[in-house]
> 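Here it is: the structure, laid out below.
The first residue of the sequence shown is numbered 1, and numbering continues consecutively from there. Only a predicted model underlies this, so the values are computations on that prediction, with no experimental measurement involved.
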Amino acid sequence: MNKAQLVFVPGPGMGHLATTVEFAKFIVNLDDRLSITVLVMNLPFDHKVGAYIDSLSASTSIPETIKFINLPQGNVEKGVRPMNFLISFIENHKPHVRDAVHKLTHSDSAGSRSPRLAGFFIDMFCTTMIDVANEFGVPAYLFYTSNAGCLGLMLHFQGLRDKHELDTTELKNDRDAELAVPSFSNHVPARVFPDVILDENRVDDIFNFVRRFRETKGILVNTFAELESHAVSSFSGRDRTPIVYPVGPILNLDGDVSNGGSGGSDGNADIIKWLDDQPDSSVVFLCFGSMGYFGESQVQEIARALENSGYRFVWSLRKPPPKDNIAMPSEYEDFKEVLPEEFLDRTAEKGKVIGWAPQVAILSHRATGGFVSHCGWNSILESIWHGVPIATWPFQAEQQLNAFGMVRELGLAVEIKLDFKRDLTSGNNEMRVSAEEIEDGLRKVMEHDSDVRKRTKEMSEKSREALMKGGSSYFSLHRAINDLIA
């Protein structure tokens with residue numbers, strides 16, 4: 001039996017890394033001919049990645065056929081825009097990736113020959129690493145950590161821009177414009193397009209990434225056919241598009257990194273104990289991802305909505321980073337500095353305000369009945385897996401498009417907002433959502449016998465079946481591996 005090794009290059013950041021690790025585990029458990037080395041890029045302001053990798057290396061849940069290499073940190077110019085920072089950061093790691101792969105593919109000091117290098121699996125933001133794969137004469141596959149609808153939209157608009165048939169930046173101020181996109185059954189309003197394709201200063205950068213998707217041998221998407229049947233089928237027969245393999249939902253259900261933490265906090269046990277004392281499906285969970293935060297005025301509106309609604313709640317409330325700085329939210333020393341006066345006293349029996357949240361543990365708890373989410377794709381998949389309906393409140397990136405898909409395309413979420421947007425660096429341009437709008441969303445997501453709740457429960461079962469032997473994603477990944485190492 002021929003052994004082969006794969007090199008994984010995940011995007012920087014916990015969300016991309018954790019999903020990639022779970023994907024690597026899925027692959028080696030499916031085919032024991034394969035071993036995987038994950039090359040890790042460490043963001044200078046995200047200190048959790050190192051601790052996460054250390055915990056993985058020491059964990060018995062990680063197969064011996066998966067290894068991790070922490071790459072040296074590249075030099076990055078300070079004070080640049082987030083997109084320019086990302087491009088420069090990843091490009092500066094190319095020599096380190098080349099050196100690491102060179103060592104992997106040569107005999108060790110004892111003369112043992114390494115398994116042949118079969119291919120690279122690269123993150124959606126790491127397409128520059130296709131050049132390194134080409135140098136080693138192996139194919140590159142793309143691991144797309146978002147959804148098939150978004151992938152289709154990005155490929156569609158990149159193709160139109162290259163043909164000079166559409167400039168998406170001209171739609172920035174036309175919020176009422178709606179366009180046909182092959183990967184969506186409904187027309188998609190410009191107001192939910194990812195900001196990056198509406199911004200003339202960034203659109204070429206992102207489409208340079210997307211254009212290179214077409215150079216890969218295949219695109220593996222973290223979705224499943226039953227969830228995005230229209231989007232998945234839309235890729236069939238499209239010119240210059242690699243084979244698209246739906247292989248999800250790929251989830252990190254063991255450790256809790258989805259909200260920017262590494263799990264194991266002493267406060268987690270207190271939250272779970274409190275949930276244990278609540279009735280089934282009675283608690284609404286508010287959590288907005290590793291970059292999720294609000295200004296004081298918006299925090300006050302959320303607090304007012306929660307108190308007026310009367311629902312039990314767990315609210316992950318994070319402190320904004322300094323303005324004009326690329327950084328992660330931090331923890332409040334005292335929540336009273338932003339919450340309404342005596343709010344904590346008045347709601348002491350009904351709810352809990354916490355900092356970092358063990359998202360998976362809370363979503364999986366029987367007491368959790370609804371999820372107010374930023375609609376990051378990992379969080380959406382986790383909510384579907386656990387059968388918890390979502391109320392949408394997106395911030396940035398492709399989250400508005402995800403929210404639109406969940407509400408309008410799939411009927412698996414209710415709307416608080418679809419088009420809420422905030423500048424990633426400064427936090428400016430933040431629209432305020434009223435307490436009344438929030439409360440209305442809370443009531444809809446917590447409705448006991450709603451169609452959304454029923455559909456979410458049904459899709460939860462399908463998400464699990466997709467990964468079982470003979471399931472759609474199991475079959476799709478098996479086909480991709482056979483294509484790779486045949």
Side-chain angles (χ1 to χ4, degrees), residues 5-21 23-24 35-54 56-57 66-106 114 117-146 196 202 204-213 215-217 219-220 257 260 290-291 326-328 397 424-425:
Q5 62 175 322
L6 305 174
V7 169
F8 275 43
V9 187
M14 287 299 299
H16 289 256
L17 175 59
T19 306
T20 300
V21 169
F23 183 45
S35 59
I36 293 173
T37 301
V38 182
L39 305 181
V40 182
M41 293 180 277
N42 292 275
L43 290 166
F45 51 82
D46 189 353
H47 305 298
K48 295 184 176 70
V49 168
Y52 173 61
I53 292 299
D54 289 343
L56 289 176
S57 299
I66 299 177
K67 305 294 184 187
F68 300 93
I69 295 178
N70 275 304
L71 299 174
Q73 221 169 69
N75 296 319
V76 178
E77 180 184 351
K78 293 184 178 180
V80 298
R81 291 175 61 90
M83 181 58 72
N84 294 338
F85 169 85
L86 182 65
I87 293 169
S88 177
F89 181 81
I90 295 173
E91 186 68 28
N92 285 342
H93 278 80
K94 191 184 287 187
H96 303 310
V97 169
R98 185 182 296 114
D99 291 346
V101 176
H102 179 78
K103 291 176 183 176
L104 287 173
T105 55
H106 285 70
S114 301
L117 179 64
F120 277 50
F121 279 67
I122 60 173
D123 182 83
M124 54 200 285
F125 291 116
C126 298
T127 52
T128 188
M129 301 303 171
I130 294 173
D131 298 334
V132 184
N134 290 340
E135 290 176 26
F136 285 91
V138 296
Y141 284 75
L142 185 78
F143 180 43
Y144 195 77
T145 52
S146 191
V196 69
R202 295 185 290 164
D204 286 329
D205 289 331
I206 193 64
F207 283 152
N208 286 340
F209 284 121
V210 175
R211 190 175 297 109
R212 299 207 70 182
F213 290 1
E215 299 177 35
T216 63
K217 188 175 180 182
I219 302 175
L220 295 93
V257 298
S290 58
M291 295 296 290
I326 304 175
M328 307 291 283
L424 179 62
T425 306

> Would you mind listing every salt bridge (Lys or Arg N to Asp or Glu O under 4.0 Å) that reaches into residues 125-142, with sequence neighbours excluded?
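Output for this query lists K94-D131, R98-E135, D131-R212.
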> Are F125 and I206 side-chain neighbours, meaning at least one heavy-atom pair lies under 4.5 Å?
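They are in side-chain contact.
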> Once side-chain contact (heavy atoms from CB on, under 4.5 Å) is applied, do any residues pair with P139, and if so which ones, sequence neighbours excluded?
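Here the qualifying residues are Y141, K217, L484.
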> Hey, are the side chains of F120 and V101 touching, using non-hydrogen atoms and a 4.5 Å cut-off?
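Sidechains of V101 and F120: in contact.
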> Run the side-chain contact (heavy atoms from CB on, under 4.5 Å) test against T20 and tell me which residues pass, sequence neighbours left out.
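Once residues adjacent in sequence are excluded, the partners of T20 under the side-chain contact (heavy atoms from CB on, under 4.5 Å) criterion are F8, P10, F143.
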> Work out which heavy atom in L142 is nearest to a heavy atom in D123; give both atom names and the distance.
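Closest approach of L142 to D123: CD1-O, 3.6 Å.
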> Is the shortest heavy-atom distance from the side chain of T145 to the side chain of F23 under 4.5 Å?
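SC-SC contact between T145 and F23 ruled out.
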> Please examine the side chains of I69 and V40, heavy atoms only from C-beta on, and report whether any two atoms are closer than 4.5 Å.
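Not touching, per the 4.5 Å side-chain cut-off.
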> Check for a donor-acceptor pair, side chain of S88 on one end and backbone N or O of F85 on the other, with a separation under 3.5 Å.
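No, S88 side chain to F85 backbone: no donor-acceptor pair under 3.5 Å.
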> Can you name the nearest heavy-atom pair linking Q5 to T37, along with the distance?
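Here Q5 and T37 meet closest at OE1-OG1, 4.4 Å.
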> Compare all side-chain heavy atoms of V9 with those of M41 and state whether any distance is below 4.5 angstrom.
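The answer is yes, as the side chains (C-beta and beyond) meet within the 4.5 Å cut-off.
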> To the nearest 0.5 Å, how far apart are CG in N42 and NE2 in H93?
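Reported value, rounded in 0.5 Å steps: 7.0 Å.
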> If you measure from CD on E215 to CG on N134, what distance do you get to the nearest 0.5 Å?
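It is 7.5 Å, given to the nearest 0.5 Å.
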> Could you tell me if the side chain of I219 sits less than 4.5 Å from the side chain of M124, heavy atoms only?
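Not in contact.
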> Which atom pair, heavy atoms only, marks the closest approach of F136 to T105?
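Between these two residues, the closest heavy atoms are CE2-OG1, 4.0 Å.
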> Considering only heavy atoms from C-beta outward, does the side chain of L17 approach that of I53 to under 4.5 Å?
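Yes, close enough: below the 4.5 Å cut-off.
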> Which atom names give the shortest non-hydrogen contact between I122 and T127, and what distance separates them?
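Scanning both residues, the minimum pair turns out to be CD1-CA, 3.8 Å.
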> Would the distance check show the side chain of S114 and the main-chain N or O of L104 forming a donor-acceptor pair, the cut-off being under 3.5 Å?
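Between the backbone of L104 and the side chain of S114 there is a qualifying donor-acceptor contact (under 3.5 Å).
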> Would a 4.5 Å heavy-atom cut-off, applied to side chains only, mark P12 and L86 as touching?
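P12 reaches L86 side chain to side chain.
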